Every structure is written in C-alpha cells, then in structure tokens.
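Proteins get letters first, then strands, A, B, ... in listed order; numbering begins at 1 in each. Predicted model only: the values in this text are computed from it and were never measured. Hydrogens, waters and symmetry mates play no part in the numbers below; they use all other heavy atoms, side chains included.
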Amino acid sequence: MRHWHLIWAALAVIAMLLAFAVKLPPGWLWPPEAMHLPMAGWVSAGMKWLTDSAAIGPVSFKDLTRGFAALVEAPYDMARVLLVDGITEGRGRRATTIIPPLSWLAVTMAAVALGHYARDRWLGLLAGALMVYLAVFGQWDSAMVTLASILIAVPLGVAGGLALGIAAWRWRGVERAISPVLDLMQTVPTFAYLVPVLVLFGFGPVAALLATMIYAMPPMVRVTLVALRAVPPEIMDFANMAGCTPGQRMRKVMLPVALPDLMVGVNQVIMLSLNMVIIASMIGAGGLGKDVLESLRRLDIGGGIEAGLAITALAVVLDRLGQAMAARAGHRAAATGSFRQRHPRTVLVAAVVVVTGLLGLLVPAVQDWPKGWEITTKTFWSGLIEWINVNYFDQLEAFRVWMLQYLLSPVKRFFHGLPWPFMLGILALAGWRLGGWRLGALALALGAFIAATGLWEQAMTTVYLCGVSVLIAMAIGVPLGIWAASSGAAGRVIGGVIDTLQTLPSFVYLIPVVMLFRVGDFSALVAVVLYALVPAVRYTAHGLRSVPAELIEAGVVSGATRSQILRKIRLPMAVPMILLGLNQTILLALSMLVITALVGTRDLGQEVYIALTKADVGRGIVAGLGVAAIAIIADRLIGAAAAGARARLEGSVTPEDKVRGLACWSGPVKIEPLGGGITNRNFDVRDGARRVVVRIGDDIPVHQIMRFNELAASKAAFAAGVSPAVLHHESGALVIDFVEGRTLAAEDLQERGILEQALALVGRAHREIPRFLRGPALVFWVFHVVRDYAGTLRDGGSPHLGLLPGLLEDAARLEAMVGPIDLVFGHNDLLPANFLYDGARLWLIDWDYAGFNSPLFDLGGLAANNGLTNEDEGWMLASYFGRAPDAALWRAYRAMKAGAALRETMWSMVSELHSTLDFDFAAYTAANLETYRAALAAFEA
Amino acid sequence: MRPVKLACRHVWKIYGPHPDRLVADAAGLEAIRASGHVGAVRDVSLEVGQGEIFVIMGLSGSGKSTLVRCLSRLVEPTGGEILYDGEDLLKASPSRMIEIRRHRMGMVFQHFALLPHLSVLENVAFPLEVQGWKRGPREAQAREVISLVGLQGRERHYPRQLSGGQQQRVGIARSLAIKPDLWFLDEPFSALDPLIRREMQDEFLRIQRQLKKTIVFITHDFDEAIRLADRIAIMKDGAVVQVATPEEVVLAPADDYVAAFTAHVARAKVVTLGRIAVPGVPEGVAGDLPAEARVEAVAEQIVTSGRPFAVIRDGAKVGHVTPQAVIAVLLGKGG
C-alpha cells in the first residue's frame with residue numbers, strides 16, 4: 001500500500017512543523033486543567049477510607065494490615081537472628097551477645113554444600129568464593145541483612161504464588177479475575193508498589209519485605225497455573241483411581257509431578273526479590289540496597305561501587321544456585337544407608353555450624369571476618385573514578401554535551417512541542433492500521449487516560465527518554481546480536497556478559513553512571529541503555545539463528561556472499577523476532593527509567609519518587625498507572641506490528657492461523673490437515689470433544705467459484721439430507737460437521753451396489769436441494785464455463801493456446817447436440833473423493849461448483865470421473881430417468897459427458913496459470929486431456 | 001454362567017451443550033451429530049462376570065476409553081446405571097467413591113502414569129499410603145506384588161531408569177497393591193513394542209490364572225482381544241456392536257464392520273474343540289482333551305497322532321475330534 005507510506009511521511013512532516021515551527025497556545029500543548037480528572041484525590045481518599053474506617057465486622061482494615069505485618073515480622077526476625085544479630089541481651093550499645101549469629105564460615109560452607117548438591121563441586125566453589133569475597137571486602141553484614149530479607153520474601157512469595165496459582169487452576173472464575181491484575185502488576189513500575197505499601201505498613205524492613213513479596217509473586221502464579229495444567233490427564237486419572245482425596249491429589253501427586261516446572265518460577269521469584277529488596281531500601285529495607293542508596297545520596301563513589309559489586313556477587317550466587325536447583329528438580333537419585341550417608345552435606349554443614357559457633361567464642365576470627373583483614377577497595381574505586389574524571393573529563397563532558405545538544409534536547413523539544421490531540425490521533429491511527437479498530441480504540445483510551453491525569457508533560461518526558469534510550473539500545477544491541485549469531489566464540493562471550501547483566505538488580509546500573517556523568521537526563525539515558533540492551537542482543541541473535549537452514553543453503557547455492565545472505569535472507573526473516581526484542585527493550589527501558597528518578601529526571605518516575613517521599617498514595621499510583629499505560633500502548637502496537645511482519649513473511653495469514661482464529665471455538669483447537677481439496681484447504685479440527693471439518697478458501701472467479709453460493713448450497717444440501725451440517729461460516733471459511741468414515745475411490749463406484757446408492761443420493765440432491773435453497777444462486781452451464789476458460793487462457797498466455805480453436809469448435813458441436821434440457825440443481829463435481837461412506841450410508845460433500853444445471857452433467861461426470869463401463873452407464877440412465885435410454889438420450893448424454901471432460905481439462909489448464917496450491921496441474925491436464933479424447937471418441941462412435 | 005460382578009445399563013456419555021435432552025430421547029447418532037453434540041458412549045449395557053476377562057475392543061474414537069472411564073466413574077456418565085456388586089456407582093457420594101476405589105478397584109494406564117518423583121517401591125505402595133497405611137506394612141505388601149510381576153531387586157529404581165515394559169509391570173503391580181476385585185486395564189500394552197507386548201500378554205494371563213480378578217480390558221488390537229478375552233465387546237461410534245466369545249465373533253460377526261476385523265483372523269486361534277467335536281466316542285481314541293481348548297494349541301498333537309481324541313466338558317465325554325476336522329480348521333474351512 002504505497003499511499004500509506006505517503007500518509008505517514010506527510011504526518012511526520014506535519015508533526016515536525018507543529019513541534020518546531022508553529023507556536024501553539026498552551027491549551028494545545030498539554031491538556032487544559034479543566035480536562036484533568038482528580039484521580040490522585042480519589043485514590044488517596046479510597047486509601048484513607050481503607051486505613052481509617054474500612055472494617056470487616058469487628059476487625060478493622062488497619063488491624064488486618066497490622067496482623068499481616070506481624071505474621072511476616074516473626075520469621076523475618078528469626079532470619080535476622082540467624083544471619084545478622086544473634087541473640088542479644090539489653091539494648092543499643094549496651095547489648096551483649098548471648099548467642100552469636102551463624103559465622104561467616106558456616107554460611108559460606110552452606111553455600112558450598114548447596115552448590116555441590118545442586119550441581120557439582122565447581123558450582124560449590126563458585127558460591128563459596130563469592131561468599132568469601134563478601135567477607136573479605138567488608139560487605140558481609142549488609143549482605144546478610146539482604147539475604148535475610150530474601151530468605152523470608154522468597155518462601156512467602158512462592159507460597160502466595162502457589163496458593164493463587166492453585167486457586168486459579170481449581171476455579172475458572174479466579175483465573176479470569178486475577179489474569180488482568182497480573183498483566184497490570186507486571187507493567188506497573190517497581191516504585192509504584194512501594195507507595196501503597198508504605199502507607200499501609202509504614203516505613204521499615206517489614207513493609208519492604210511485603211513490597212518485595214508482592215512484586216515477586218506474579219510470575220509464580222502464572223508458572224503454577226501452567227505447570228498444573230501440564231500434569232498428564234492419565235496421572236490425574238490414576239490419582240483418582242488410587243482413591244486420593246482432592247487434597248491428597250494436589251499434595252502427593254500434582255505438585256510433585258509439576259515440581260520441575262515450578263522450580264523455574266521459584267528461580268524467577270528469587271531474582272525479582274533480589275531486585276526489589278534493593279529498591280525497597282527506599283522504604284526502609286536495610287542491607288546492600290541501603291548502602292547503595294546512601295552512597296548515591298552522599299556521592300560516595302567508592303562505597304557505592306563496593307556495595308554494587310557485592311550485590312552483583314550475591315545475585316550471581318542466587319541465580320546460579322536457583323538455576324541449578326531448577327534443573328535438578330525431579331531427578332532424585334536413589335540413596336541408601338544411614339542418615340549420615342544419605343545426607344553427607346547436611347551433616348557437614350551442621351558440624352561446621354556447631355564447631356565454628358563454639359570456636360568463635362574463643363577465636364573471634366572464626367565468627368566474624370576480622371576487620372583488620374578486610375580489604376577495602378573504596379579508595380581504589382574513588383581514585384579510579386577521580387583519575388578518569390581528571391584525565392578524561394573533557395572527552396566525557398564533550399560527549400555528554402554533544403548528546404544533549406544534538407540528540408536529547410531536540411527529541412525532547414519535539415515531544416513537548418507536539419499538541420496532545422495530534423498525539424492521540426496518531427496513536428489511534430497507528431493502532432487502527434496495525435491491529436484494527438479495537439487496538440486503535442485501546443491506544444486512544446490509554447492515551448486519553450494519560451491526558452486526564454494532568455501529567456502529560458511528565459509522560460512526554462518519559463516517552464522521549466524511553467524513545468531515545470531504546471533507539472540507542474537497538475543501535476548497539478542489534479549489531480551485537482548479529483555478531484553473536486555469526487560466530488560461536490563471540491556468541492559465547494556476549495551470551496555470558498548479557499546473562500550476567502540480566503541478573504543485576506536495576507539499582508546497580510545507576511552507580512557507575514552517576515560517578516561519570518553526574519545527575520541528569522544523560523545519566524539516566526546511559527543507565528537505561530545498559531539495562532535495556534539485553535533483549536535487543538538476545539532476540540536479534542535468536543532470530544538470526546532460527547532462520548531455516550534450507551533458506552540459507554538456497555542463498556549459498558545461488559552464489560550469495562556472506563553479507564548478502566545476512567542482508568537479504570537472515571535479517572528480513574529475523575524481523576518479527578527483532579521486533580519482539582524491541583518490545584522487551586521498551587518494557588525494560590520503562591522499568592529502569594522510573595528508577596532513574598533517583599538521578600534527577602523530570603518524568604513520571606520522578607512523580608512516583610516524590611509521591612514516595614511524601615507518602616502520597618494517589619499521586620504515586622496515578623503516575624505509576626501512567627507508566628503502565630505507556631508500556632501497554634508500546635507493547636500492543638509493537639506486538640501487532642510483529643504479527644503483521646510475520647504474516648507478510650509467510651505470504652499471508654496461513655490457513656491454519658485462519659482456522660485457529662475462527663469465532664466458533666470454545667478454546668484452543670487441534671488441527672490436522674485433510675487431503676482432497678484442490679480449490680481449497682481442508683482441516684480436521686478438534687475443539688474439545690467436538691470434531692469438525694473446516695474448509696478454507698476464497699472466491700475464485702476464474703473458476704466461477706463463489707463462496708456465497710457454496711454456503712447456500714451446503715446449507716440446502718444439509719437440509720435435503722445429502723450433506724453433513726454446516727455449523728459455522730465466516731468469510732473464506734466453512735465449518736462442517738465431521739462424519740467419521742472414508743471417501744470413496746473410483747473402484748468403489750464401479751460396484752453396482754455402491755453406484756446405486758450414489759445415484760440415489762445424486763438424484764435426491766437434484767430434486768430436493770432447490771426446495772431449501774435461499775438467496776441468489778448460480779447456474780453451471782458447462783459450455784459457458786468452457787468459453788470463459790478459453791478467454792482466461794488467452795488472457796494468461798497459456799502454453800495450451802494452440803489447442804484452443806479445436807477445443808472450442810468441439811464445444812460448439814457438443815452444445816448443439818445436447819439440445820434442450822431439464823433443469824435441476826447439480827453438484828457438478830462428482831469426484832469419487834466427494835462421496836463419503838460412514839459405514840451405513842453415503843454423503844455428498846464439497847459444494848463449491850454447485851448450481852442449476854442439466855442432470856446429464858452430473859451423470860456424465862459420475863461416469864467420467866469413475867471410469868464406468870458402457871453397461872453401467874446404460875443402467876445408470878435407465879434407473880435415473882425410469883426408462884430405457886433411447887438414441888436421443890444417449891446422444892445428449894454422450895455430448896454432455898464429453899463437455900464435462902472438456903471442462904475438467906480446461907479447468908486444469910487454468911489452474912496451471914492461476915492456482916497457488918502445491919499441486920502438479922500440468923500432469924493433471926495431461927491425464928484429463930486423455931479422458932476427454934476418449935469421451936469425444938465415444939460420442940462420435 | 002458366572003455371577004455378575006459389574007454391570008452397566010443404558011450408559012450414555014454425550015458431550016455438548018444439552019446432553020440430557022438427547023439421552024432422554026435416546027437419540028440416534030445422526031440426531032446427536034446434527035445437534036452439535038458428540039456421542040462418546042451411546043446406550044451401552046454390559047454384564048461382566050466374576051473372574052472373567054472382558055475385553056472392550058474398538059478403533060480410536062469409538063468410545064472405549066470413555067466407557068471404561070464411565071465404569072470407574074472417572075468420567076461422569078450423562079445417564080444410566082453402573083452396578084458394582086449390585087451397588088449403583090452413579091449414586092455413590094464422593095467419599096463413598098473414594099472408599100470403593102481405595103479398596104475394590106485397580107486400574108492400569110496406557111502410558112503407565114507412574115509418579116516420576118517416587119521409586120518403584122514408593123509408586124507401588126502409593127495407593128496404600130493414600131489410605132494411611134504405616135510404612136512397614138505397606139512396603140511389605142508392595143514388595144509382595146513387585147515380586148508377583150517379577151521386578152524384585154528394582155524397588156529402589158526410579159521410573160525413568162526402567163524400560164517401557166518394566167514401567168508397565170510397575171503399573172500393574174501398583175494397581176494390584178490394594179488387592180482389588182475389579183481390575184481395569186486401559187490399553188495397557190499399546191505403548192509397548194510388539195515383542196514386549198506379546199511377552200506382557202503372557203505375563204498378564206499368568207497373573208490372572210493366579211489371581212482370578214474380574215477384568216475389564218480395553219484394546220484397539222483385535223488380535224490381542226481374541227488372545228486374552230473370555231468375551232469381547234466391539235464398539236463403534238460409542239455403541240456396542242457385538243458382545244460374544246472370540247469364537248463367536250470370528251465365526252458369526254454381527255455385521256460388516258465386525259467382519260472387517262475378523263476376516264484375516266486364523267480360525268484355529270479361536271475355534272475350540274467343543275465346536276468341532278462330533279457326538280459319540282469311537283473306540284481307540286488317542287486321549288482326552290478339554291472342550292475349551294483352542295484348536296491352535298492342540299492341533300499338532302492331534303494331527304501327528306493321526307487318531308481321534310475324546311472331548312471332555314465338565315468331566316464328561318461329550319464327543320470326539322478327528323485329525324481331518326482339525327486340518328479343515330487350520331485351512332480356514334471348518335468351525
């Protein structure tokens with residue numbers, strides 16, 4: 001569609017003019033006050049009502065939240081006792097330790113043992129080494145505070161997710177209710193969680209823990225639901241047959257069987273918890289996150305980097321252990337012997353705990369890594385950054401200024417200068433073009449929501465920063481992905497780096513950036529680019545690698561160079577995958593952008609951050625929903641674009657996609673292609689217990705196939721009891737009841753008994769269908785079809801043009817010989833495969849050529865298509881017309897039969913030119929030509 | 001005639017929006033299809049005798065798996081009665097149903113349905129564990145059935161460490177752990193390769209000779225059906241087409257559909273001596289043979305002796321068979 005390119009180009013020019021050249025009144029730049037809805041006020045009021053007066057019976061909401069907090073607080077205190085505080089007496093500085101916490105040796109030993117248990121000694125050594133790193137570099141205490149939070153948040157998050165997942169599995173209604181909530185929770189930025197939690201639970205570690213738990217739960221819910229659904233039905237039957245109660249079935253059968261899948265969810269919960277527990281330092285989580293936050297605030301370069309590296313170490317330990325445990329789940333090996341033999345690692349760790357605990361009382365170094373032995377890298381990092389800033393300040397600054405001046409500022413001016421109604425219009429138009437009016441309406445509605453929040457300017461800042469970051473991330477990530485896909489070594493190195501980048505909590509990215517570029521939009525940009533780079537690289541590499549090998553071989557044998565193969569084959573084929581990567585990049589960029597509020601952006605993230613510092617729930621939630629709205633718009637628009645790109649690559653929507661998309665299914669369907677259709681594609685489809693046949697095909701005017709006619713004929717044929725029921729139809733698709741049985745072969749119809757049944761069925765169709773036929777109907781006059789085919793063949797420059805004059809002359813002679821006719825409703829395509837035998841009776845299917853016609857045509861077709869003998873034909877005519885055929889009838893019949901064969905021949909010639917189906921029409925033409933010549937000879941004899 | 005252990009009367013299972021109406025009308029196949037429903041089981045009535053191997057045979061989609069799930073009430077039938085020792089299972093409460101399944105029914109599954117996280121011993125003991133048996137007694141009983149299926153020594157293995165045939169032995173042992181009276185086997189050997197299948201069929205017959213359970217055995221393999229069955233029910237489109245002994249099915253198929261299965265079956269595999277015996281016992285018979293023996297099993301003995309054998313039913317001599325009659329059956333003529 002060329003003109004759409006022009007329209008988009010014109011819109012781009014108009015946008016430029018509006019943004020840079022035209023001075024607009026303020027009411028056009030952002031929505032006027034009058035249009036704002038006081039949503040923040042509503043949310044705050046609702047929250048106030050909740051905390052002040054909401055109650056269930058005598059239990060007020062506040063009691064509920066307090067109780068909940070207490071529930072979480074107890075185990076958290078336990079974990080702290082174990083890892084951080086020990087048991088002490090007295091308070092404050094006078095506190096004396098009665099029982100110390102676990103020694104660094106014991107915790108390290110536990111990490112080693114876990115690594116060894118989960119995979120092998122190497123993982124154990126890695127885990128141990130990173131724990132020692134934490135001790136040596138003085139990060140032990142903070143790391144243990146963070147670890148204590150994770151140790152509590154992860155089981156709670158997993159348990160909560162599991163419970164919700166089970167409920168969603170058990171009750172359809174629960175699933176329907178929570179599914180959109182989960183969608184939203186995964187797009188709302190992390191900060192937005194903190195605000196309501198802060199208001200409900202106050203400032204402190206417990207509130208932080210709850211925020212972490214809630215944030216990390218959604219993937220566990222989804223994983224649980226999917227894992228439970230994947231339990232084989234036979235296993236469920238077994239559980240019931242064994243007499244399990246529903247509870248036993250879940251506990252003893254389903255959950256253990258689903259365990260390997262569930263562990264994937266657990267690993268996700270661990271990583272999300274780590275990410276959130278760091279961010280939650282803003283509402284009082286201690287530990288490494290707090291260290292980073294304070295360093296950022298004090299601009300303590302060395303301290304920030306040290307804490308950041310410690311977080312990285314912890315993340316790597318947790319991620320690798322989690323992955324190994326997930327891979328290991330379900331592979332329990334047989335073990336025999338005493339408890340000590342069966343659990344050597346547990347025994348060893350317990351021994352180390354006791355020994356170091358006791359020894360620690362005498363030798364403090366065993367309990368706590370001595371302060372004197374700690375290596376601090378603070379000065380090293382500070383020095384390094386200072387050195388860079390002293391020696392390379394000019395270059396860095398020049399780069400920063402250049403970027404601000406030539407990239408960031410113009411884009412910012414552009415987005416701030418666009419009038420908001422224009423922006424909404426573009427959103428709606430893009431949605432409509434990419435995914436139809438529903439998507440257009442959704443984009444418009446979400447855009448209007450942002451306009452009504454009164455945060456238009458901040459939202460545009462978010463859009464601009466996100467847009468530029470994504471652009472840069474793609475510009476770096478796509479080439480990296482191409483490189484990773486093109487060489488094995490590069491692929492491994494890049495893969496390793498991005499795997500590690502992905503495990504890092506988002507906070508960590510801020511540290512080096514602030515050190516080098518100070519606060520402001522540019523720093524935010526760099527942090528976002530680093531964070532959002534991963535999917536751009538990964539999806540590009542994946543898309544390039546999954547291009548089918550035959551396509552690349554086809555390129556090689558046609559002499560393409562490596563770069564030609566890349567440019568002309570691999571990249572175009574990878575476009576849908578790269579678009580998905582773009583989508584992920586945008587979502588990650590948005591989530592990071594909110595966190596960059598800490599380095600002084602003025603976007604929606606800043607709104608949330610301010611709301612957080614002021615504990616203003618309404619403001620925080622509304623701004624958070626604004627970010628979610630932007631994320632959803634981007635996600636849906638790009639998702640639709642990727643689907644469109646995929647459809648274009650595959651020629652168009654595949655027939656299977658079309659079948660899947662029909663409106664008559666009750667859920668996902670199972671599709672098997674059926675043979676037999678030359679003018680259309682047939683599928684055997686199972687929708688739950690229902691089994692149907694779907695015929696996919698558009699109008700084919702050159703063959704005079706019009707689907708409206710086929711639909712009307714099929715319905716009337718069902719009403720006449722000739723054909724199976726039509727259950728549903730859409731443009732280009734017909735859904736017909738499935739009849740279990742087999743299609744006939746020509747040999748079947750040569751048997752008198754079957755021919756008799758077939759003839760009775762055809763006669764019934766001829767007489768009965770007109771009684772039920774509705775709407776306009778076609779006439780099928782074979783000599784008209786032949787003349788029309790001749791025209792089509794001439795237009796298309798058919799290789800058979802030389803035969804045409806002779807064939808047309810034949811046709812004229814035959815038409816004259818047929819003479820006056822009776823008119824019935826014919827099937828007009830009586831191939832043996834269009835008869836279906838279900839064991840009891842015959843059915844006639846495929847009505848795409850149906851129309852009013854002489855009965856002689858179907859009779860001739862029946863004889864010609866099935867190789868009937870002269871004797872069979874005599875019997876057939878006699879039994880159809882109820883009298884012995886006289887010479888005139890024989891002549892008319894033979895003429896019609898030859899006409900039918902001629903048409904079949906020319907049908908095949910036309911299909912050689914026009915059909916896109918994978919069928920050898922040339923061979924079919926040759927065979928038909930032979931049949932026709934035989935029929936003509938019989939007529940002339 | 002054996003006493004009836006399990007009976008079903010007019011059992012229906014129809015999928016679709018308004019199944020009850022169709023059952024009330026006892027609708028035919030056409031009517032069910034035309035109204036957009038699927039008749040998985042249509043008006044099936046059967047009686048399975050105590051200690052009988054009752055085989056339900058049908059092609060895929062014929063409704064045999066749905067029927068066995070109706071009999072065990074894993075699938076809720078749309079209508080009908082299922083009488084187990086005279087008690088209608090469809091009227092049993094959920095807890096009563098759990099009770100019945102825990103103590104009186106066992107089932108073997110096509111794809112074994114073993115729990116991957118449990119060892120062989122734990123898998124076999126699982127039905128007992130669910131009932132709350134203590135570890136000691138339940139493992140003792142599990143070991144007993146494990147040795148019955150010849151898997152002793154592999155108690156500590158996990159399913160993934162076993163071959164398909166061994167896994168199904170575990171499935172069989174597990175279904176027998178509670179010592180059920182009624183034993184359902186849903187295509188138990190279909191997932192195994194042909195050699196192992198044959199071996200497992202022999203194993204199954206050996207176990208049944210020892211235990212004498214009442215068995216409902218599902219298969220799509222007609223040869224398996226005639227090899228194992230006391231009686232066969234043949235299903236098509238959710239309805240039972242014929243119920244008869246293997247011999248009757250082969251010699252007198254109810255319709256063309258059944259005949260298509262039986263056409264290639266060697267008659268000697270199903271024809272019993274009782275059928276080809278002629279009255280009277282002549283002088284100089286070579287020996288006695290039971291009337292239930294199938295020709296295939298005794299043909300060599302009779303033909304090589306060259307003399308007639310007396311045929312015994314219920315301890316009495318009821319006639320004799322000649323080598324000529326046996327040869328006629330072997331050639332596919334007699335019977």
Side-chain angles (χ1 to χ4, degrees), chain A residues 231-249 251-260 329-336 664 666 684 686-692 718-719 721 723-728 735-742 837-841 843, chain B residues 13-16 29-30 33-38 40 59 61-62 66 69 72-75 94-95 97-103 105-119 126-131 155-158 160-161 171 174-175 177-178 184 186 236-237 255-257:
Chain A
V231 172
E234 263 199 352
I235 296 250
M236 302 289 291
D237 279 348
F238 159 68
N240 290 330
M241 280 309 286
C244 288
T245 60
Q248 284 177 324
R249 190 178 65 194
R251 276 197 325 276
K252 289 174 177 279
V253 178
M254 297 189 66
L255 289 178
V257 168
L259 185 67
H331 278 260
R332 203 165 66 134
T336 48
C664 57
S666 60
D684 171 359
R686 285 167 192 271
D687 174 22
R690 205 166 67 153
R691 190 168 176 192
V692 300
F718 165 64
S723 193
V726 177
L727 302 173
H728 178 81
V735 181
I736 296 165
D737 197 11
F738 180 85
V739 172
E740 174 102 48
R742 63 181 183 90
Y837 180 63
D838 71 359
R841 59 161 290 188
W843 299 89
Chain B
K13 179 64 194 180
I14 293 181
Y15 292 99
L29 189 59
E30 313 279 317
R33 277 183 183 153
S35 56
H37 291 75
V38 172
L59 299 183
S62 62
T66 311
R69 280 169 172 71
S72 53
R73 217 180 151 195
L74 287 172
V75 163
S95 58
M97 214 46 231
I98 286 179
E99 230 9 64
I100 292 171
R101 287 180 181 147
R102 281 186 175 182
H103 300 290
M105 279 182 184
M107 186 156 176
V108 180
F109 297 89
Q110 183 175 3
H111 301 289
F112 325 135
L114 300 181
L115 299 179
H117 60 289
L118 299 183
S119 66
F126 185 87
L128 304 170
E129 184 193 339
V130 166
Q131 293 180 27
E155 290 87 348
R156 295 273 160 211
H157 284 59
Y158 283 84
R160 65 182 183 293
Q161 299 167 315
R174 184 179 63 182
S175 68
I178 59 151
F184 295 110
D186 180 20
K236 176 175 184 281
D237 293 333
D255 62 11
D256 292 349
Y257 182 78

Per-residue contact mode, A:Asn240 against chain B (heavy atom under 4.5 angstrom): both
Portion of B:Glu99 that has a non-hydrogen atom of chain A nearer than 4.5 angstrom: neither
query: Is the closest side-chain heavy-atom distance between B:Met97 and B:Met105 below 4.5 Å?
result: yes
- prompt: Is chain A contacted by the side chain of B:Phe126, its backbone, both, or neither, given a heavy-atom distance below 4.5 Å?
  reply: side chain
query: Can you find a heavy atom in the side chain of B:Leu114 that is under 4.5 Å from one in the side chain of B:Arg174?
result: yes
query: So, do A:Lys252 and A:Cys244 sit near enough that their side-chain heavy atoms are less than 4.5 Å apart?
result: no
task: Flag the one option from B:Ala177, B:Ser175, B:Pro127, B:Ala113 with the top tally of heavy-atom pairs under 4.5 Å to chain A.
output: B:Ala113
message: Counting only non-hydrogen atoms closer than 4.5 Å, does B:Tyr257 touch chain A with its backbone (N, CA, C, O), its side chain (CB onward), both, or neither?
response: neither
query: Do A:His728 and A:Val692 touch side chain to side chain, with heavy atoms closer than 4.5 Å?
result: no
field: Residue pair B:Met107, A:Asp237: steps toward the side-chain contact (heavy atoms from CB on, under 4.5 Å) verdict
entry: CA-CA 9 Å; B:Met107 186 156 176; A:Asp237 279 348; 5.6 Å; no
- prompt: Hey, which of B:His103, B:Gln131, B:Arg73, B:Glu129 has the most heavy atom pairs under 4.5 Å with chain A?
  reply: B:Glu129
- prompt: By a 4.5 Å heavy-atom criterion (distance strictly below it), what part of A:Pro232 contacts chain B: side chain, backbone, both, or neither?
  reply: neither
